[in-house]
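In what follows, chains are A, B, ... by sequence order, proteins preceding strands, each numbered from 1.
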Protein chains: 2
Amino acid sequence: MAVTIRDVAKASGVHISTVSRTFSAPHLVNPETRTRVLATAEELGYRPNRAARALITGRTHNIGLIVADIANPFFPPMIKAAETHARRRDYHVFVADTDEDPVVETDLVRALAKQVDGILLCSPRMSDDQIEQLRREVPLVVVNRLIDGLPAVVMDVGAGARSAVRHLVGLGHRHLVYLSGPRGSWTNREIRRAAGVAARAGGAELTVLGPHQPVSSAGADAAEAVLATGATAVLAYNDLMAIGLLQSLQDRGVAVPEQISVVGFDDIATSALVRPTLTTVANPTAAAGRAAVDMLLQQGDDGATGQVTLRTDLVIRNSTGPGPYAPAGATTAQVAAYAKE
Amino acid sequence: MAVTIRDVAKASGVHISTVSRTFSAPHLVNPETRTRVLATAEELGYRPNRAARALITGRTHNIGLIVADIANPFFPPMIKAAETHARRRDYHVFVADTDEDPVVETDLVRALAKQVDGILLCSPRMSDDQIEQLRREVPLVVVNRLIDGLPAVVMDVGAGARSAVRHLVGLGHRHLVYLSGPRGSWTNREIRRAAGVAARAGGAELTVLGPHQPVSSAGADAAEAVLATGATAVLAYNDLMAIGLLQSLQDRGVAVPEQISVVGFDDIATSALVRPTLTTVANPTAAAGRAAVDMLLQQGDDGATGQVTLRTDLVIRNSTGPGPYAPAGATTAQVAAYAKE
DNA sequence: ATGAAAGCGCTAACAC
DNA sequence: GTGTTAGCGCTTTCAT
């Protein structure tokens, strides 16, 4: 069996409670004793058993991170940032994938509840009611979704959508398509709404297509439908769909951005690797992961249930260009400024 | 506080051990009692505390998954598959990221050791000795690296490299470059060695460049050096580097595959999304994740320390084409067969 | 400053 | 088939 507190106590000639104190309340133990205990512990390779500690303190020093799809490139940077941030604060992270299934989400929260001090729910697909229910069973921070009274970290996708639409309208586009994401996605609803408002304000028409799975093949499959609308610009729920559409259009001989402009969402790594490079709304996913961890860990201290909104940024690359109503001689660079207003 | 076994016992009028048995050894309890206990447990929302159980059984039903870099697209499909597979077997998964740092790896294994039944070490960068040492402290399965006597799951990257080189030689290339990956990578050494042997066998020269970080910018930065060698084909350590190189070459006006052929490794999702689409050696990362989990969970049962090698597959796409010594009229399709030999 | 003792939630002999 | 008891590794009063 592994080395326990008892072994260290015996080897250093003190009671186990002294060893315990050496690790959990060092200031309460005589410096000399402490040094000795630490030395034997080191020598024996002793490491406190967190689970046993949790049993009595009620704090596991673990957190859960539940995401819709680990393999969706949107999430890994967030997972990485959250894990690194948590570990720096001496927390370990359970990661679980729901495969976009709301039922799995609920089960997972319950299954993890006892082993963690709190759970980060990223882009949950379940209903508000379900989330509120779970909130009573375990501390929760929701990422990418805003629910009254629940601590949350969201990106300002509404502002991002507005920037994107203004950018397109400024380029002279008057008929846009929004390629919807999955049902149940808060982000999707926000983008669609904000894009609609911004389009109306800009005197442009917005056709909504979908819902779609947030994958590149869905974007590729939507090419026909997009062309059928006669629109000259497309805003997609995420970069994956935008890239699928981008390549599918080009494979059909439709030039991007000459004939159709395409804007994505997220700014995943791939977006800078495809040609044309993708104009997209950058989401600060890593910062969101860190903020969510902080919020979760603070939740224990006070009862504050803050909601943080992180800003998004339109990244103008080469998949967007002048539309049919472009002011004479307008260039992408010129209208870029407009979107910033 | 949460509901415990004692609450259920009281509410259903039995002793706590009966409740315990109801969950851990149902066949030992009277069907009627069992039904009643289960009902009250359900009603009260009781869920066994795994940490408390682990304290006495010694089995946590958790596993650790340590990867070099969560954000590297090579890993997420593996993490996802491993997590899903583990959960299906009622195991939860700690995920941690070492940022390619061998010191962090060691610390992480030790920190996680007490909370898990075993650890999956993916693409570890530390030395064989260190890994063997850790192996004594906690059950380990190593992925993407072969060490004598240690249970491991690897992909047959040597065979993959040979296929790739034969493919290129068959296309008429006689001077190849291997773009090395990170120092400490077993996969990198294997590919380099196998590529060297295959090149020699095919009467071709192989120039090795590197080491490099396994990221796209490293591939892009290597473009000058690649051109300077005068080689007509490049095999890269991974797809990210291959894609970086691919785009950097094209941005410099060097046509791919007309002037230079490029082959990657891994077959990450992005490889099918860039243009030209990337010829690459597909790694069964998801299968590797599942196999590693199985191996880890079986390790407890018997002491078997198997080593599994998963086959790789050359996926021929559009980034490779005829070289200067191509047989007249040779097409990519024709020589594809050659690589399969 | 240190030791003694109780107990966190649970399982595993051992009785009956 | 069920209750009793001890104890997993640790923290936390309470004494001393």
Side-chain angles (χ1 to χ4, degrees), chain A residues 1-38 40-41 44-62 90 110-117 137-138, chain B residues 1-38 40-41 44-62 90 110-117 137-138:
Chain A
M1 207 48 190
V3 34
T4 81
I5 202 173
R6 231 173 293 270
D7 302 320
V8 179
K10 203 158 293 176
S12 49
V14 296
H15 195 260
I16 60 162
S17 47
T18 302
V19 179
S20 173
R21 284 188 201 102
T22 305
F23 285 93
S24 41
H27 58 280
L28 292 181
V29 61
N30 186 307
E32 293 179 21
T33 326
R34 192 196 313 159
T35 320
R36 188 155 40 91
V37 170
L38 249 22
T40 21
L44 268 49
Y46 168 74
R47 312 211 59 161
N49 182 325
R50 284 163 167 246
R53 177 182 287 177
L55 206 52
I56 190 159
T57 62
R59 323 221 71 228
T60 62
H61 264 254
N62 292 150
D90 202 26
R110 295 226 163 89
L112 245 25
K114 287 286 201 337
Q115 290 192 85
V116 300
D117 294 339
E137 305 175 24
V138 55
Chain B
M1 206 47 190
V3 34
T4 80
I5 203 174
R6 232 172 292 270
D7 302 320
V8 180
K10 202 158 294 176
S12 49
V14 297
H15 195 263
I16 60 163
S17 50
T18 303
V19 179
S20 173
R21 283 188 203 102
T22 306
F23 286 93
S24 40
H27 58 281
L28 292 181
V29 61
N30 185 307
E32 292 179 22
T33 329
R34 194 196 312 159
T35 320
R36 190 154 39 91
V37 171
L38 249 21
T40 25
L44 267 49
Y46 168 76
R47 313 210 55 161
N49 183 324
R50 285 164 167 247
R53 176 182 288 177
L55 206 52
I56 190 156
T57 62
R59 321 220 72 227
T60 62
H61 265 253
N62 292 150
D90 201 27
R110 296 227 162 89
L112 245 26
K114 288 286 201 338
Q115 291 192 84
V116 300
D117 294 339
E137 305 175 24
V138 56

(message) By the 4.0 Å heavy-atom rule, please label V19(A) as base, sugar-phosphate, or nothing.
(response) nothing
(request) Starting from P on dC10(D), measure out to CG on N49(A) and report it in whole angstrom. (result) 5 Å
(message) What's the closest nucleotide to the side chain of R6(A) if the choices are dT2(D), dT2(C), dC8(D)?
(response) dC8(D)
(request) Please work out if F23(A) contacts a base, only the sugar-phosphate, or nothing of the nucleic acid, heavy-atom cut-off 4.0 Å. (result) nothing
(request) Name the residue closer to the 5' end of DNA chain D, choosing between K114(B) and V29(B) according to the nucleotide with the nearest heavy atom. (result) V29(B)
(message) For P48(A), is there any backbone N or O sitting under 3.5 Å from a side-chain donor or acceptor partner on R53(A)?
(response) no
(message) Pick the closest DNA chain D nucleotide for A52(A) and for T33(B) by heavy atoms, then say which residue is nearer the 5' end.
(response) T33(B)
Which atom pairs link the protein and nucleotides 12-16 of chain D when you take only N or O atoms and keep those under 3.5 Å?
none

(request) Take the protein atom CZ of R50(A) and the nucleotide atom C1' of dG9(D), then report the distance between them rounded to whole Å. (result) 15 Å
(request) Working to the nearest 0.5 Å, report the span between CG of D90(A) and CG of N62(A). (result) 10.0 Å
(request) Only counting residues at least two apart or in another chain, list the ones meeting salt bridge (charged side-chain N to carboxylate O under 4.0 Å, His left out) with R34(A). (result) none
(request) Return the value, rounded to whole Å, for the distance between atom CZ of R47(B) and atom C1' of dG9(C). (result) 16 Å
(request) Please report how far the helix from dA1(C)-dT16(D) to dC16(C)-dG1(D) bends, comparing the axis fitted to its first five pairs with the axis fitted to its last five, to the nearest 10 degrees. (result) 40°
(message) Please report the distance, rounded to the nearest Å, between CD1 in I5(B) and P in dA12(C).
(response) 11 Å
(message) How many whole angstroms separate atom CZ of R53(B) from atom C1' of dC10(C)?
(response) 8 Å
(message) What I'd like to find out is whether the side chain of T35(A) reaches to under 4.5 Å of the side chain of L38(A), using heavy atoms alone.
(response) no
(request) Whole angstrom is fine here: how far is it from CG in L28(B) over to C1' in dG3(D)? (result) 14 Å
(message) Please list all pairs meeting side chain to side chain donor-acceptor pair (under 3.5 Å) that have one or both residues in residues 11-32 of chain B, counting only residues at least two apart or in different chains.
(response) H15(B)-S17(B)
(request) Provide, to the nearest angstrom, the distance between the CZ atom belonging to R59(A) and the C1' atom belonging to dG9(D). (result) 19 Å
(message) Run the side chain to side chain donor-acceptor pair (under 3.5 Å) test against R6(A) and tell me which residues pass, sequence neighbours left out.
(response) none
(request) Using the test side chain to side chain contact (heavy atoms under 4.5 Å, CB included), find all partners of R47(A) that sit at least two apart in sequence or belong to another chain. (result) R110(B), K114(B)
(message) Could you measure the distance from the OG1 atom of T57(A) to the CG atom of D117(A)? Nearest 0.5 Å is fine.
(response) 8.0 Å
(request) Locate the shortest heavy-atom distance separating V8(A) from V19(A); write the atom from each residue and the value. (result) CG1-CG1, 3.9 Å
(message) Rounding to an integer number of Å, can you tell me how far K10(A) NZ sits from dG9(D) C1'?
(response) 14 Å
